[in-house]
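All of these numbers come straight from a predicted model, not from anything done at the bench.
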Amino acid sequence: MAEDKSPPAFEQISTLLARGKFVRARELLHAMDPADVAHLLESSPSKARLSLWQLVDPDQEGDILDELSEDVQRGILKLMDADKVAAATEGMETDDLAYVLRGLPDEVYRKVLKAMDAQDRSRLEQVLSYADDTAGAIMNTDTITLRPDVTVDVVMRYLRRKGELPKGTDSLYVVNKADKLVGEVPLSVLVTASPTDKVKEVMDHEPEPVHYNMPETEVAQLFARYDWYSAPVVDDEGHLLGRITVDDVVDIIREDASHSMMSMAGLDDEEDTFAPVLKSTQKRTIWLGINLLTALAAAAVSNLFEDTLAKLATLAVLMTIVPSMGGIAGSQTLTLVIRGMALGHIGTQNSRFLFTKEMAIGLLNGLIWAGLIALIVGVWKQDWELSGIIAFAMGINLIAAAAAGVTVPLVMKKFSIDPALAGGVVLTTVTDVVGLFAFLGSATLLMT
């Protein structure tokens, strides 16, 4: 049994709310980290969530909103008027604020913008102008820039006078008079350099910027590959626009993992666990409808061989084995390919090799398991003709499953369809149809 990782205060707060001791519950909430409060909200039914939100520290509302999943966040925002939203989001980092505002109704969105000062509004509008799920949309515009010809001593005095660095700062970026990125200086280098050294003498002259239009998943792959803590974001001409920090990338990786897991069940990765019954039913019904259509397709194949099934009842007992084995084998390949695509390991240059490899695995598995099922059925039913038929169908279906497991996600990606969402349904349809057709079709030809 998995260990409960929730802080002890969670159960205590729930008990206090149930007993009507709101003052003590408020005290505990105010002492909690915003991430823990967000976790408590996501773990609570809608009625308890409303009570909890009314008790949270107003100074923490923005940080708590930032930690919430999209579905829960939108539910909380509906409880707040525009002025309260503006107050709660004041002081938020630009990328986090942009994420929150994208889910607001237009009327509230405009009021929140109006309540901001001109500089913050300008920065926010810049981030909002970039497409969702790109580097520009997740970057933070709060950066410290340096000129290459100033000394380290001047930089250090400037930083001491500033008093506070932007969150997640590990490097300062060097720009020329046109604000084009020309280098970066890690803080570790800056604090150990001689005060008389100029910035251009200690900076890295080959920074590795990220283009503002790069998909966020590719950004996450770069961070993972090169162990970055932050990265500058530039436009087409190399002007510095902002920076991305590792905390944003961790969120992307977590969301991608959640998306893949939930999509395979046809669910929204941001779906609220405690959403109302009708809302959850509506979301799931679509997926169940699609699944019903694929099941009917497999049933239609069985119906083609109704006469054969009526004559040979043994076929009805064995007919589920072949599609089941194909489905499992295909799912293994499909999962491997989707993971490789998510990590950026699979592209046009190696997809043919991957297809050949998986086909070879399918062929080998086909020989192994076809031989085994033939032996089992032959001994069990004392019918070696039937054992040969099911062995043939098993081999064919395992090969088809391998082929579908590779081609389905690659074709879907080409047509901008999420393979994690629809790949499993298509694959299951292929293995069911091919498996049943091979088994019942060969049985019809040879045994009737």
> In Å and rounded to the nearest 0.5 Å, what is the OG1 to CG distance from T335 to L427?
Replying inline: 9.0 Å
>> Please check if the number of heavy atoms outside E206 that lie under 6.0 Å from its CD is greater than 12.
In response: no
>> Using 0.5 Å steps for rounding, measure from the CG atom of L159 to the CG atom of L146.
In response: 7.5 Å
> Would V72 and R49 satisfy side-chain contact (heavy atoms from CB on, under 4.5 Å), going step by step from the backbone distance to the final call?
Replying inline: CA-CA 9 Å; V72 178; R49 191 177 291 161; 4.0 Å; yes
> Partners of D236 by side-chain hydrogen bond (donor to acceptor under 3.5 Å, both in side chains), sequence neighbours excluded?
Replying inline: H211
> For Y173 and S230, which heavy atoms make the closest approach, and how far apart are they?
Replying inline: OH-OG, 3.4 Å
> So, do W53 and L41 sit near enough that their side-chain heavy atoms are less than 4.5 Å apart?
Replying inline: yes
> In Å and rounded to the nearest 0.5 Å, what is the CG to CG distance from L40 to L29?
Replying inline: 6.5 Å
> Do you know which two heavy atoms are closest between S351 and L410, and how far apart they sit?
Replying inline: CB-CD1, 3.8 Å
> With a cut-off of 6.0 Å (strictly less than), are more than 12 heavy atoms of other residues, nucleotides or ligands near CH2 of W228?
Replying inline: yes
> So with a 6.0 Å cut-off around CZ of R352, is the heavy-atom count from everything else above 12?
Replying inline: no
> Side chains of V411 and F415: does their closest heavy-atom pair fall under 4.5 Å?
Replying inline: yes
>> Tell me the closest heavy-atom pair linking V210 and V219, and the distance in Å.
In response: CG1-CG2, 3.8 Å
>> List the residues meeting salt bridge (charged side-chain N to carboxylate O under 4.0 Å, His left out) with D153, not counting sequence neighbours, and say none if there are none.
In response: R157
>> Restricting to non-hydrogen atoms, name the atom on V155 and the atom on V150 that form the minimum distance, rounded to 0.1 Å.
In response: CG2-CG2, 3.8 Å
> Going by heavy atoms in the side chains, are V174 and V182 under 4.5 Å from each other?
Replying inline: yes
>> If I compare all heavy atoms of A25 with all of L16, which pair ends up nearest, and what's the gap?
In response: N-CD1, 3.8 Å
> Is any side-chain heavy atom of L165 less than 4.5 Å from a side-chain heavy atom of L187?
Replying inline: yes
> Do V233 and L240 have side-chain heavy atoms sitting under 4.5 Å apart?
Replying inline: no
> Would you call E27-R24 a salt bridge at under 4.0 Å N-O?
Replying inline: yes
> Run the side-chain hydrogen bond (donor to acceptor under 3.5 Å, both in side chains) check on T429 and D432 step by step: do they pass?
Replying inline: CA-CA 5 Å; T429 303; D432 284 356; over 6 Å; no
> How close do V337 and P409 get, heavy atom to heavy atom, and via which atoms?
Replying inline: CG1-CG, 3.5 Å
> Is the side chain of T192 donor-acceptor paired with the backbone N or O of V189 at a distance under 3.5 Å, no angle test?
Replying inline: yes
> Parallel, tilted or perpendicular: which fits the ring planes of Y130 and Y212, with parallel below 30° and perpendicular above 60°?
Replying inline: tilted
Determine all donor-acceptor pairs shorter than 3.5 Å in which one atom belongs to a side chain in residues 56-65; sequence neighbours excluded.
from	atom 1	to	atom 2	distance (Å)
D57	OD1	D59	N	3.0
Q60	NE2	M32	O	3.3

> Hey, does N140 have a side-chain heavy atom less than 4.5 Å from the side chain of K167?
Replying inline: no
> Do D197 side-chain atoms and E201 backbone N/O form a donor-acceptor pair below 3.5 Å?
Replying inline: no
>> I need the L336 CG to L354 CG distance, nearest 0.5 Å.
In response: 7.0 Å
>> Measuring from atom CE of M394 to atom CD1 of I368, what distance do you get when rounded to the nearest 0.5 angstrom?
In response: 12.5 Å
> When you check the side-chain N and O atoms of T134 and N213, is any donor under 3.5 Å from an acceptor?
Replying inline: no
>> Keeping R243 on the side-chain end and A231 on the backbone end, is there a donor-acceptor pair under 3.5 Å?
In response: no
> Is there a donor-acceptor contact under 3.5 Å from the side chain of N350 to the main chain of H345?
Replying inline: yes
> Can any side-chain N or O of N397 pair as donor or acceptor with the backbone N or O of V322 at less than 3.5 Å?
Replying inline: yes
> What do the steps show when you test I373 against W369 for side-chain contact (heavy atoms from CB on, under 4.5 Å), and what is the final call?
Replying inline: CA-CA 6 Å; I373 194 64; W369 295 106; over 6 Å; no
> Does N176 reach the main-chain N or O of D179 with its side chain, forming a donor-acceptor pair under 3.5 Å?
Replying inline: yes
>> Let's go through H205 and M203 carefully: what are the C-alpha distance in whole Å and the side-chain angles of both, what is the deciding distance for side-chain contact (heavy atoms from CB on, under 4.5 Å) to 0.1 Å, and is it a yes or a no?
In response: CA-CA 6 Å; H205 290 266; M203 74 179 187; 3.3 Å; yes
>> Counting C-beta onward and ignoring hydrogens, is there a side-chain heavy-atom pair between D247 and V250 closer than 4.5 Å?
In response: no
>> Please report the interatomic distance CE(M341) to CE(M412), rounded to the nearest 0.5 Å.
In response: 10.0 Å
> Tell me, do T143 and T169 make a side-chain contact under 4.5 Å, heavy atoms counted?
Replying inline: no
> Given V37 and D33, is the side-chain contact (heavy atoms from CB on, under 4.5 Å) satisfied, shown in steps?
Replying inline: CA-CA 6 Å; V37 178; D33 187 273; over 6 Å; no
